Amino acid sequence: SRVITRAGVALHSGAQVSVRMCPAEPNTGIVFSVDGVAVPATLSHVVDTQLATTVGIGTARVRTIEHLLAACVGAGLDNTVVSVSGGEIPALDGCAAAWLDAIDSSGLVEQATPKREAVILRPFEIKDGPRWARLLPADETILDVRIDFDHPGVGRQHLTMALKPGTFTRELAWARTFGFEQHVPAMRRMGLVRGGSLD
């Protein structure tokens, strides 16, 4: 439960950005602080999902939050305030593992207040073209994910796992953001992946 600071290059803007994660009171949730505005990491605050998830309120926005949020969930970190300079999370090594290492090194403190959790009472599905997601009632959180890319470096992949700190670390934290070289010129014209490189 110590303060975590990390800095580095932002994947999309290419700017030097930094993050400071501080412990928070029970029921705070994960909240981004940017330009003096508190932006909860909730679905209702998602303002863009084009090649990165962006949360915001008005002009205060934080993008490329996926790996940091995955590390928080994978570690069981429920309450933190993440102060962001530069409006984007540092890419670090392009996966959740570096964030998970930082959280593990800091340590977690169990809070006395019971955790509030959403409970799925009946099946729910959402579709977007060939993409879909389905939530089903269960006694524990189990991920069953598949991807299918017509590329020999990716292809079809499938993972089923119970979402627990140990399994998240072994099975998922290392999964990196990837892209295809033929898409880079179009993404750069859109002002994206300026911080991405073969390194």
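Just so it is clear, the model here is predicted, and its values are computed rather than measured. All values below were derived from every heavy atom in this structure, side-chain atoms included, with hydrogens, water molecules and symmetry-related copies excluded.
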Tightest non-hydrogen contact, residues R6 and A102, listed as NH2-CB, 3.3 Å

Applying side-chain contact (heavy atoms from CB on, under 4.5 Å), run through M161 and L172 and close with a yes or a no.
CA-CA 9 Å; M161 63 173 265; L172 202 54; 4.2 Å; yes

Nearest 0.5 Å, what's the OG1-CZ distance between T167 and R170?
6.0 Å

Minimum-distance pair of heavy atoms, taken over all atoms of A98 and D93
CB-OD1, 3.9 Å

Could you pull out all donor-acceptor pairs under 3.5 Å where a side-chain atom in residues 70-78 meets a protein atom, sequence neighbours excluded?
unit_1, atom_1, unit_2, atom_2, d
D78, OD1, K115, NZ, 3.4

Cluster check I89, L69: I/L/V/M/F/W/Y, side chain < 4.5 angstrom:
yes

Same cluster or not: V81 versus I57, using hydrophobic residues (I, L, V, M, F, W, Y) connected whenever any side-chain heavy atoms lie under 4.5 Å apart?
no

Going by salt bridge (Lys or Arg N to Asp or Glu O under 4.0 Å), name the residues that satisfy it together with D101, two or more places apart in sequence or in a different chain.
none

Quick one: salt bridge (Lys or Arg N to Asp or Glu O under 4.0 Å) partners of R134, sequence neighbours excluded?
E125

Mind listing the side-chain donor-acceptor pairs of residues 142-149 below 3.5 Å, one per line with the distance, residues two or more places apart or on another chain?
unit_1, atom_1, unit_2, atom_2, d
D144, OD1, H158, NE2, 2.5
D144, OD1, T160, OG1, 3.0
R146, NH2, H158, NE2, 3.3
D148, OD2, R156, NE, 3.2

Identify whether L163 and L108 are in the same connected component of the hydrophobic contact network (ILVMFWY, side-chain heavy atoms under 4.5 Å).
no

Please tabulate, for side-chain N and O atoms in residues 16-40, each donor-acceptor pair with protein atoms closer than 3.5 Å (sequence neighbours left out).
unit_1, atom_1, unit_2, atom_2, d
S18, OG, S85, OG, 2.7
N27, OD1, R116, NE, 3.4
T28, OG1, E25, N, 3.4
T28, OG1, E25, O, 2.6

For a quick test of reading the model, state the closest non-hydrogen atom pair linking A175 to C95 and the distance between them.
O-CB, 3.2 Å

I'd like to check the side chain to side chain contact (heavy atoms under 4.5 Å, CB included) partners of P123; sequence neighbours left out, ordered by chain and number.
L136, P137

Tell me who clusters with W174, hydrophobic residues only, linked when side chains sit under 4.5 Å apart either directly or through other members.
none

Quick one: does H67's side chain have a donor or acceptor within less than 3.5 Å of a partner on W99's backbone?
no

Salt bridge (Lys or Arg N to Asp or Glu O under 4.0 Å) against D128, all qualifying residues, sequence neighbours excluded
R131

Less than 4.5 Å apart, side chain to side chain, heavy atoms only: is that true for T80 and V82?
yes

Go through V119 and L121 one step at a time and tell me if the side-chain contact (heavy atoms from CB on, under 4.5 Å) criterion holds.
CA-CA 6 Å; V119 177; L121 299 175; 3.9 Å; yes

Look at the side-chain heavy atoms of Ile, Leu, Val, Met, Phe, Trp and Tyr, link any pair under 4.5 Å apart, and say whether I65 and L100 land in one connected group.
no

With sequence neighbours excluded, tell me which residues meet side chain to side chain donor-acceptor pair (under 3.5 Å) with T169.
none

Any side-chain hydrogen bond (donor to acceptor under 3.5 Å, both in side chains) pairs touching residues 53-62, not counting sequence neighbours?
T53-E66

For I120, which fellow cluster members are found when Ile, Leu, Val, Met, Phe, Trp and Tyr are connected by side-chain heavy-atom distances below 4.5 angstrom, either directly or through intermediates?
F124, I126, L135

Members sharing W132's hydrophobic cluster (side chains within less than 4.5 Å)
none

